[in-house]
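Notes follow the structure.
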Amino acid sequence: MANDASAVSDAHSQAVSTDSLADPFTPPADSSLWRKNFLLGAATASYQIEGAVNEDCRLPSIWDTFSAIPGKVLAGDTGAVACDHYHRWEADIDMLASLGLEGYRLSIAWPRVMDTTGAPNRKGLDFYKRLLNRLKEKGITTFVTLYHWDLPQHLEDRGGWLNRDTAYRFVDYADLMSRELAGTVDAWATLNEPWCSAYLGYGNGHHAPGLADGRFATQAMHHLLLAHGLAIPVLRANDPASQKGIVANIGRGTPNSDSAADQRAAHLFEVQHNAWILDPLLKGAYPQELFELWPGTEPLVLDGDLQTISAPLDFLGINYYFRSNVASDGAHGFREVPLEGVERTQMGWEVYPDGLRDLLTGFNRTYRNLPPIYITENGMASDDKVIDGHIDDTQRISFLKRHLAAVDQAIKAGVDIRGYFLWSLMDNFEWAFGYERRFGVVHVDYSTQKRTVKRSAELVAKFLKERKAQV
Ligand code: FCB
């Protein structure tokens, strides 16, 4: 493990001026964040920023279909234009580089790069080639997610993730991408947040494709994880120099009281949020308690599937946002009991940095083969307003500082964490919440597409500049 934080902090502490520590973001002198090899970057996803949904033979995705249904997305918003990044990508990369961000996590839109027969769409591919080449020229480390929820609609029409065949189509896609883009990608992530794809997409209908059945959720999850496991050796063969992994969103469940029943409820919350994904990936088995919580939802699993799914990973991406306070709820296992008087974000999510630390240290105990971790998303939405050309997003600055402190604590407790991507580089289409929820460190005026750097981004940039200047 390469986390000798104390040695590093000693070396730089003289170099850090007391002046720099006075700002509300800069980590304290003893933070492992000062290590130059701790990657600090920003993340986005294709459907949330690109727009240009009908251009260059892009096919419709499940999010085009879903967001067109009245009532599914706040204010009827869709990703049709989003941040118009498909046309403004050069300026966006310049902006990323000007902030000194060292890493960029982006995703590829599957419907942009393949036609319905699986043949490559050259125009779509060229977009990502240009983008990744430019990032390389700028010296930015690239993390590329293959599937950040924009499934081609024609595959959904044949059952989507309920159809085992979709996993094989995903492998064709991963094969094409890794042959075409090898050498420009530092790290490949197969899937973003399978929990959301399976549970929100097929279990409760909050996300595309909008189906709602517990049995669908577990079967979709199985096919998603299978797609991941089948793709890993293909990515390794086509692009051996890059890292391969997957991104999971993890949830902290805390008990509403000390009672054994509430403690059990919190445990079950984490079983369905975390172990449902991490156990098959890292232990090669689904947690039995999941099917006690959701009886009758065992997916159809073929011989060898779990071995495929548990192929070794080079890294695990972790996305963390908030905790859920839960109480026992008889047959349903748990129910959320929102706490009063706690700090919340524009999403209503509780700000709870300790949850990130506690989950990371817990996983490090539970999974002996836990791969190196990158925090691939963390951030918050606030109702940011441009006032005299500036955005002073004080809550975000404090949020980021506190979560980076939690990451530092986990590193010091022995977890191998190698980087952190803030969500998000810029305000974007926040799925079922549309454009109202602003997660960016850069503000986007959707009527003019003007980008304005928020105070949080300025402070991250300032820190990165100081870190770089250290001897
Ligand atoms: C995550 C998603 C990401 C973004 C953030 C706020 O679940 O991966 O696209 O919407 O939430």
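The basis for the numbers below is simple: all heavy atoms, side chains too, and nothing from hydrogens, waters or symmetry mates. Counting convention: from 1, in listed order, for ligands and their atoms alike.
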Identified salt bridge (Lys or Arg N to Asp or Glu O under 4.0 Å) partner of D427 from the options R396, R451, K454: K454
Considering only heavy atoms of [X], which atoms of ligand 1 have at least one such atom less than 4.0 Å away?
{"X": "W431", "result": "3 (C), 4 (C), 9 (O), 10 (O)"}
{"X": "Q48", "result": "3 (C), 4 (C), 9 (O), 10 (O)"}
{"X": "N192", "result": "8 (O)"}
{"X": "F439", "result": "6 (C)"}

Close approach, H148 and ligand 1, non-hydrogen under 4.0 angstrom: yes
salt_bridge(R323, D358) N-O dist < 4.0 Å: no
Side chain, backbone, both or neither: the part of N249 lying under 4.0 Å from ligand 1 by heavy atom: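 It is neither; nothing of N249 touches ligand 1.
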Heavy-atom neighbours of R215 CZ exceed 12 at 6.0 Å: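 Incorrect, the count does not exceed 12.
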K123, NZ: over 12 other non-hydrogen atoms inside 6.0 angstrom: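 Open.
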Which protein heavy atom lies closest to [atom], and at what distance to 0.1 Å?
{"atom": "atom 5 (C) of ligand 1", "value": "Y321 OH, 3.3 Å"}
{"atom": "atom 2 (C) of ligand 1", "value": "E377 OE1, 3.3 Å"}
{"atom": "atom 10 (O) of ligand 1", "value": "E430 OE1, 2.6 Å"}

Step-by-step side-chain hydrogen bond (donor to acceptor under 3.5 Å, both in side chains) determination, S61 to D64: CA-CA 5 Å; S61 82; D64 297 301; 3.2 Å; yes
I'd like to check whether [X] has a polar contact with ligand 1, where a contact means an N/O of the residue lying under 3.5 Å from an N/O of the ligand.
{"X": "W349", "result": "no"}
{"X": "E193", "result": "yes"}
{"X": "W149", "result": "no"}

Trace of the side chain to side chain contact (heavy atoms under 4.5 Å, CB included) decision for R437 with W431: CA-CA 10 Å; R437 309 293 160 95; W431 308 112; over 6 Å; no
Stepwise side chain to side chain contact (heavy atoms under 4.5 Å, CB included) test for H223 and T166: CA-CA 8 Å; H223 292 151; T166 298; over 6 Å; no
Candidate pair E377 and R105, rule side chain to side chain contact (heavy atoms under 4.5 Å, CB included), full reasoning: CA-CA 9 Å; E377 283 181 30; R105 174 173 178 247; 2.9 Å; yes
